[in-house]
Asker: 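Right, I'll just put the structure down here and ask away after.
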Amino acid sequence: MSALDESTLFRLDGRTAIVTGASSGLGDRFARVLAGAGATVVAAARRRERIERLAGEINGIAVECDVTDPDGRAHLVEAALETGRIDVLVNNAGTVNTDRAEDETPADVERVIGTNLTAVFALCQAAGRAMLEQGHGSIVNIASVYGLVSSERERAASYVASKHGVVGLTRDFAVQWARKGVRVNAIAPGFFRSEMTAARIDDERWLEWMRNRVPFGRPGREAELDGALLFLASDASSYVTGAVIPVDGGMTAA
């Protein structure tokens with residue numbers, strides 16, 4: 001494909017993409033965007049009814065999966081490989097704990113790290129093996145602005161630690177696999193509405209703080225992650241690996 005062929009540069013026709021945490025919010029959107037670009041999407045989440053509905057709407061594949069379960073991860077990768085390939089992995093599933101640092105328990109920390117970091121590492125590894133065998137592939141890890149800065153008033157020490165870890169493993173996998181045809185990058189979203197953030201975004205006091213903290217003065221709109229996702233998933237970013245792209249309204253630049 002010509003690097004200047006704008007009509008196909010961001011297309012994913014004939015490719016298989018896994019999206020975790022696809023039952024709602026950003027994950028649901030990511031699955032629809034990748035399907036719209038031509039990919040066969042394997043939508044993974046714990047809520048079977050939701051992902052089956054999504055898969056039916058995008059002509060994709062639904063896989064019930066708890067990403068913290070090794071057997072669930074193995075089943076997800078096997079289901080994707082039934083298409084004959086894995087070209088894209090979007091590690092989107094995540095969780096948060098908002099207790100103060102002095103109140104977080106070891107169990108809280110293990111739960112957050114297990115979902116946000118250990119599972120991401122394991123899925124990168126499992127899907128990455130298939131990509132290495134193919135000689136190509138793109139992994140897109142969904143980090144956070146809190147993988148680049150502290151959480152300030154958000155009270156999310158374990159979440160911040162997990163997302164900083166995602167940034168680190170993204171860069172290390174990228175360097176190890178660069179000459180083997182597998183690219184590994186991350187998106188660091190700022191404040192976007194999801195099930196996890198809805199309560200804060202609907203709180204006027206929080207919104208006022210956010211307006212003062214984010215140069216754009218507002219939360220991100222769902223579609224404003226589409227471009228970064230398609231860029232990293234497609235051949236448009238064929239010479240990009242180890243990158244962490246903030247989509248945060250300028251928050252990390254301020």
Side-chain angles (χ1 to χ4, degrees), residues 12 14-97 107-108 110-131 133-134 137-144 158-159 162-163 166 169 184 186-187 189 192-198 222 225 229 233:
L12 297 168
R15 303 186 193 186
T16 297
I18 297 172
V19 179
T20 67
S23 61
S24 65
L26 299 182
D28 178 283
R29 176 73 181 195
F30 293 155
R32 294 178 189 277
V33 169
L34 295 176
T40 297
V41 175
V42 181
R46 290 177 298 177
R47 291 177 286 192
R48 173 180 290 276
E49 183 178 334
R50 290 194 180 190
I51 56 170
E52 286 182 345
R53 182 169 62 248
L54 169 64
E57 292 171 357
I58 64 174
N59 196 28
I61 300 166
V63 177
E64 183 179 0
C65 175
D66 179 346
V67 296
T68 66
D69 175 23
D71 290 338
R73 294 192 299 261
H75 174 59
L76 171 59
V77 172
E78 288 168 5
L81 284 172
E82 288 181 5
T83 69
R85 58 198 300 125
I86 299 176
D87 300 286
V88 178
L89 167 65
V90 181
N91 274 312
N92 169 72
T95 190
V96 68
N97 182 66
D108 292 331
E110 288 177 8
R111 175 179 60 85
V112 173
I113 296 293
T115 302
N116 295 0
L117 182 57
T118 305
V120 170
F121 186 104
L123 278 170
C124 283
Q125 190 177 63
R129 288 181 179 133
M131 293 177 180
E133 190 171 325
Q134 294 168 178
S138 175
I139 295 174
V140 183
N141 293 322
I142 306 305
S144 167
S158 59
Y159 182 82
S162 70
K163 293 302 186 177
V166 169
L169 74 84
V184 187
I187 300 172
F192 285 80
R193 176 177 289 279
S194 68
E195 286 186 351
M196 199 162 63
T197 64
E222 189 178 51
L225 288 166
L229 175 67

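Predicted model only: the values in this text are computed from it and were never measured. Because only heavy atoms are used, hydrogens play no part in the values below, and waters and symmetry mates are left out as well, while side chains stay in.
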Asker: Is the number of heavy atoms from other residues, nucleotides or ligands within 6.0 Å of CD (Glu133) greater than 12?
Answerer: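 Incorrect, the count does not exceed 12.
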Asker: Are Arg111 and Ser158 close enough that a side-chain donor and a side-chain acceptor fall under 3.5 Å?
Answerer: no
Asker: Using modelled atom types and a 3.5 Å cut-off, is there a donor and acceptor pairing between side-chain atoms of Lys163 and backbone atoms of Asn116?
Answerer: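 A pair under 3.5 Å: no.
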Asker: Determine, stepwise, if the pair Val140 / Ile142 fulfils side-chain contact (heavy atoms from CB on, under 4.5 Å).
Answerer: CA-CA 6 Å; Val140 183; Ile142 306 305; 4.2 Å; yes
Asker: As an exercise, state the distance from CG of Leu12 to OG1 of Thr40, rounded to the nearest 0.5 Å.
Answerer: 10.0 Å
Asker: At their closest point, which heavy atom of Ala126 faces which heavy atom of Val77, and how far apart are they?
Answerer: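 Closest approach of Ala126 to Val77: CB-CG2, 3.9 Å.
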Asker: Give the minimum heavy-atom separation between Gly27 and Val19, together with the two atoms involved.
Answerer: O-CG1, 3.7 Å
Asker: Would you name the heavy atoms of Thr20 and Asn92 that are closest together and state the gap between them?
Answerer: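 Heavy-atom minimum between the residues: OG1-N, 2.9 Å.
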Asker: Thinking salt bridges, do Arg73 and Asp69 make one under a 4.0 Å N-O criterion?
Answerer: no
Asker: Report yes or no: do Thr95 and Thr115 form a side-chain donor-acceptor pair below 3.5 Å?
Answerer: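 Thr115 and Thr95 do not have a side-chain donor-acceptor pair below 3.5 Å.
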Asker: Indicate yes or no: does Glu64 engage Arg47 in a salt bridge with an N to O separation below 4.0 Å.
Answerer: no
Asker: Are any side-chain N or O atoms of Asp66 and backbone N or O atoms of Thr68, one a donor and one an acceptor, separated by less than 3.5 Å?
Answerer: yes
Asker: Show the nearest heavy-atom pair for residues Cys65 and Gly72, with the distance to one decimal.
Answerer: SG-O, 3.4 Å
Asker: Checking Gln134 side chain against Asp87 main chain: does a donor-acceptor pair fall under 3.5 Å?
Answerer: no
Asker: Just by distance, with hydrogens left out, do Ser23 and Arg46 show a side-chain donor and acceptor under 3.5 Å apart?
Answerer: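 Distance-only check fails for Ser23 and Arg46.
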Asker: Mind listing the closest non-hydrogen atom pair of Val112 and Val96 along with its distance?
Answerer: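 What the structure gives for the nearest pair is CG2-C, 4.1 Å.
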Asker: Using every non-hydrogen atom in the two residues, find where Met131 and Ile86 come nearest and quote the distance to one decimal.
Answerer: CG-O, 3.5 Å
Asker: So how far is it from Leu123 CG to Ile139 CD1, rounded to the nearest 0.5 Å?
Answerer: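 CD1 of Ile139 is found 9.0 Å from CG of Leu123.
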Asker: Is there a side-chain contact (heavy atoms from CB on, under 4.5 Å) between Leu54 and Asp28 once you walk through the steps?
Answerer: CA-CA 7 Å; Leu54 169 64; Asp28 178 283; 3.7 Å; yes
